[in-house]
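In each ligand, atom 1 is the first atom listed, and ligand 1 is the first ligand listed. Numbers for residues simply follow the sequence, beginning at 1.
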Amino acid sequence: MPVRFVLDCDTGSDDAIAIFAATAHPDLELVAVTTVNGNVALEHVTDNTLRVLDHVGASVPVHAGAARPFMRPDFPVPRAVLNGDSDFQKDSLDFPAAVSAAETQSAVSFLIEAYMDEAFADVTLVATGPLTNIALALATEPRLAARIPRLVVMGGAHANGNVTAAAEFNFWVDPEAAEAVLGAGLREVVIVPLDATHSAPLTAADCDEYEKIGTPAAQGAAKLIRHRLAHDQAASGQAAVSTPVHDPMCVAYLARPDLFTEAVEAFVSVETTGSRTLGELLVDTRPWCPQPPNAAVALRASGEVYREFLRTAFLAGQR
Ligand code: RIB
Ligand code: CA
């Protein structure tokens with residue numbers, strides 16, 4: 001039976017690759033997508049998500065969600081300032097204009113209606129963007145904490161952040177949402193931080209392979225990975241041999257529970273006040289930690305398993 005899941009995302013390039021893999025892999029069923037402000041503004045996230053689904057001919061309902069963080073009027077550093085420093089995530093992904101449209105029901109309303117329904121009792125929730133939608137849904141309907149069977153989150157960093165030394169982008173964009181979701185007492189939480197995603201980066205050779213496979217999902221993924229390699233090269237001023245592709249790793253884990261080679265069960269929380277550490281994921285592994293573990297935190301992934309997952313998905317193509 002395929003693993004059924006809902007994807008809450010901020011489509012961006014790696015979210016797009018996660019969608020390509022999710023809609024193609026024979027062991028996965030993408031039930032719905034909810035979109036959230038993150039890599040780009042919400043209207044672009046939703047449009048990019050529709051473009052990507054249309055590119056592979058996947059008919060999956062898309063529900064638009066929060067246009068700004070849970071409590072703050074903008075990012076901790078306003079988007080206009082942040083975007084001035086980077087062209088990494090473009091407003092519109094380079095795929096044909098969408099022909100499909102988002103649902104009229106909002107993401108938060110959809111998440112509440114879905115997870116209050118027994119039909120979603122086995123549907124994992126995967127989050128690859130800021131956790132604003134999920135925090136709003138939990139604040140609106142706290143019973144969701146006991147009804148969402150499993151939450152797999154791309155976010156946080158145990159070693160080095162990517163927005164600041166301490167904070168990873170998804171948790172940094174909306175620290176209050178991340179803290180609210182991780183502290184909500186969900187039944188099962190798996191966090192896929194930068195430590196795991198950086199341990200299994202993808203390369204130009206992988207792109208060569210996906211281009212040879214030639215399916216729309218494979219070719220689309222190759223184009224986006226090459227863009228990430230080129231950006232890393234331009235940013236560092238030296239040849240980028242590989243690049244971490246974060247979000248598909250959450251989806252890969254659903255189909256390949258053997259993906260992570262190192263993980264820790266711990267009490268996790270997110271810094272919401274520190275001037276230097278705002279958005280930091282705190283992983284308390286002290287033996288005497290007063291709080292019980294509330295998440296499994298992946299620390300390393302198998303590049304071989306990750307590539308097997310992507311190869312299987314891209315060879316399968318759109319079912
Ligand atoms: O820090 C990486 C994460 O932030 C990825 O999910 C990327 O898509 C952005 O959302
Ligand atoms: Ca993302």
Of the side chain and backbone of Asn162, name the one, both, or neither that has a heavy atom under 4.0 Å from an atom of ligand 1. side chain

Taking only heavy atoms of Met154 into account, list the atoms of ligand 1 that are under 4.0 Å away from them. 2 (C), 3 (C), 5 (C), 6 (O)

Out of all atoms in ligand 1, which are within 4.0 Å of some heavy atom of Phe169? Include the element for each. 1 (O), 4 (O), 9 (C), 10 (O)

Does any N or O of ligand 1 fall below 3.5 Å from an N or O anywhere on His246, backbone included? no

Please could you name the atoms of ligand 1 that Asp14 approaches to less than 4.0 Å, counting only its heavy atoms? 5 (C), 6 (O), 7 (C), 8 (O)

For Met249, does its backbone N or O pair with a side-chain atom of Tyr306 as donor and acceptor, under 3.5 Å? yes

Expected output: side-chain Glu280 to main-chain Leu282 donor-acceptor under 3.5 Å: no

Per-atom contacts of ligand 1 with Asp15, taking only distances under 4.0 Å to non-hydrogen atoms: 8 (O)

Using a 4.0 Å cutoff against the non-hydrogen atoms of Asn170, which atoms of ligand 1 qualify? 3 (C), 4 (O), 5 (C), 6 (O), 9 (C), 10 (O)

For Asp195, the side chain to side chain donor-acceptor pair (under 3.5 Å) test, sequence neighbours excluded, returns none

For Arg187, what residues pass the side chain to side chain donor-acceptor pair (under 3.5 Å) criterion, not counting sequence neighbours? none

Answer yes or no: does atom CE of Met71 have more than 12 heavy-atom neighbours from other residues, nucleotides or ligands under 6.0 Å? no

Please list, in number order, the atoms of ligand 1 under 4.0 Å from a heavy atom of Glu168. 1 (O), 2 (C), 3 (C), 4 (O)

Heavy atoms from other residues, nucleotides or ligands near CZ of Arg286 exceed 12 (cutoff 6.0 Å): yes

For the ring pair Phe20 and Tyr210, is the centre-to-centre distance below 6.0 Å? no

Which atom pair, heavy atoms only, marks the closest approach of Ala180 to Phe70? CB-CE2, 4.2 Å

3.0 Å cut-off (strict), protein N, O or S atoms about the Ca ion (ligand 2): 5

Test item: Cys250 and Val153 side chains (from C-beta on) under 4.5 Å apart, heavy atoms: no

Salt bridge (charged side-chain N to carboxylate O under 4.0 Å, His left out) partners for Asp208, two or more places apart: Arg226

Which atoms of ligand 1 have any heavy atom of Asn39 under 4.0 Å away? 7 (C), 8 (O), 9 (C), 10 (O)

